[in-house]
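In what follows, residues are counted from 1 in the order of the sequence shown. The structure presented is a predicted model; accordingly, all values stated were derived computationally and were not measured.
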Amino acid sequence: METHNTTSPMQFILLGFLHHTNEHTFFLALIWLALVTAVSRNTLLLVLIQVDSSLHTPMHFFLSQLAFMDMCQTLTVVPKMSADCMTPGNRISPVGCGVQIFLSLTMGGAECLLLAVMAYDRYVAICNPLQYPILLRRRVCWGLAAGVWVGAAADALMHSVYTIHLSYCGSKDIEQFFCEIQSLLKLSCSDTSQYETLVIVVAIVVLLMPASIILASYTCILSMVPRMKSTKGKQKALATCSSHLTVVGLFYGSGAFMYMRPSDSHSPEQDKFTPVFYIIVTPVLNPLIYSLRNRDVLGALRKLVGKYRVLQQN
């Protein structure tokens with residue numbers, strides 16, 4: 001690794017994709033609406049899981065972790081992007097850039113691993129229901145959650161530290177609305193060819209290993225569902241699994257498109273707009289997908305609204 005030697009502090013400039021025009025102001029308003037929606041929906045989901053005892057299950061515990069990750073991912077990027085759009089300069093220090101890379105990669109990596117854990121949870125619940133309370137007891141759930149966070153944070157720390165310690169001796173303009181690895185590698189005057197290969201390899205491992213667990217889990221689940229005697233049980237299993245698979249498709253689709261392609265195949269337009277999907281759109285959709293297809297969550301929401309109405313009447 002090479003360090004950057006200069007007498008004045010180095011700063012990057014985030015070019016983003018929003019400028020001071022009426023169209024972009026309207027688009028910024030939509031992004032803020034999405035931010036408020038994502039934070040409020042995920043916060044509501046967290047509150048429901050905490051206050052309703054019927055949601056104190058392994059599945060909903062992992063769902064609360066997913067809601068927290070989605071909320072943090074959005075808050076990591078959108079406020080800074082909005083400030084850059086409204087004020088001139090759009091500058092960010094190397095330390096700030098490293099922190100943003102670390103937080104963004106931590107949330108993205110943790111969500112990737114968590115989706116595999118959630119698939120395993122559904123596999124045990126449907127295929128081995130008698131063993132479910134033992135295999136996914138409280139201590140095991142906390143251990144799995146801790147492993148997800150630690151693994152994602154370790155991977156993110158490696159990438160963020162290495163990227164920021166590269167030499168940047170030319171343009172400091174980042175063709176993106178937040179700091180991310182591919183954009184910084186294009187600015188570096190260091191030889192990053194081996195590291196770019198490592199990034200692709202790590203992305204493949206981080207994406208494909210959990211994807212393999214998800215595929216194996218749902219292959220077993222789909223083979224088990226037709227053998228269920230209860231029609232209600234079949235419907236509940238399919239509803240829960242379809243929600244999870246929808247979230248998996250949204251997350252893995254955008255992640256694979258962004259990080260599993262060689263850097264020379266990236267276009268500036270794709271690099272700018274693809275992150276919008278998994279940073280802003282997915283956190284908005286995830287709680288909606290789970291709440292609409294999950295009768296337990298809908299029931300908890302109705303009870304909470306009912307309690308609030310009783311308090312208002314009193």
Members besides V47 in its Ile/Leu/Val/Met/Phe/Trp/Tyr cluster (side-chain heavy atoms under 4.5 Å): V51
Using the side chain to side chain donor-acceptor pair (under 3.5 Å) rule, collect all pairs that involve residues 32-45, keeping only residues at least two apart or in two chains. W32-S82
I need the minimum non-hydrogen distance between I164 and P94, along with the two atoms involved. CD1-O, 3.5 Å
Using the test side-chain contact (heavy atoms from CB on, under 4.5 Å), find all partners of S160 that sit at least two apart in sequence or belong to another chain. I101, F102, L157
Checking V148 now: which residues fulfil side-chain contact (heavy atoms from CB on, under 4.5 Å) with it, not counting sequence neighbours? M69, A110, L113, L114, V117
Test: salt bridge (charged side-chain N to carboxylate O under 4.0 Å, His left out). Region: residues 59-83. Which pairs qualify, not counting sequence neighbours? K80-D84
Restricting to pairs with a member in residues 111-121, which pass side chain to side chain donor-acceptor pair (under 3.5 Å), not counting sequence neighbours? D121-Y132
Quick test of your reading: applying side chain to side chain donor-acceptor pair (under 3.5 Å), list the pairs with at least one residue in residues 150-159, sequence neighbours left out, ordered by first then second residue. D155-H159, H159-Y195
If we only count heavy atoms from C-beta on, is the S64 to L45 side-chain gap below 4.5 Å? no
Could you please spell out the steps behind the side chain to side chain contact (heavy atoms under 4.5 Å, CB included) verdict for I92 and F178? CA-CA 9 Å; I92 186 169; F178 72 110; over 6 Å; no
Give me each pair satisfying salt bridge (charged side-chain N to carboxylate O under 4.0 Å, His left out) with a member in residues 50-67, each pair once, sequence neighbours excluded. D52-K303
Checking C97 now: which residues fulfil disulfide (SG to SG under 2.5 Å) with it, not counting sequence neighbours? C179
Which atoms form the tightest heavy-atom contact between G109 and A152, and what is the distance? C-CB, 3.7 Å
Looking only at heavy atoms, which two atoms of K172 and Q11 are closest? And how far apart? CB-O, 3.4 Å
Residues two or more places apart in sequence or in another chain: which of them pass side chain to side chain donor-acceptor pair (under 3.5 Å) with S193? D191
Are the side chains of Y123 and I213 in touch, meaning some heavy atoms are under 4.5 Å apart? no
Any pair with a residue in residues 125-136 that passes salt bridge (charged side-chain N to carboxylate O under 4.0 Å, His left out), sequence neighbours left out, goes on the list, sorted by first then second residue, please. none
Just grab all the ring pair (Phe, Tyr, Trp, His ring centres under 6.0 Å) pairs involving residues 207-241, residues at least two apart or on different chains. Y218-H244
Kindly give the heavy-atom pair with the smallest separation between S167 and S188, and that separation in Å. O-OG, 3.0 Å
If you take all heavy atoms of L48 and L55, which pair is closest and at what distance? O-CD1, 3.6 Å
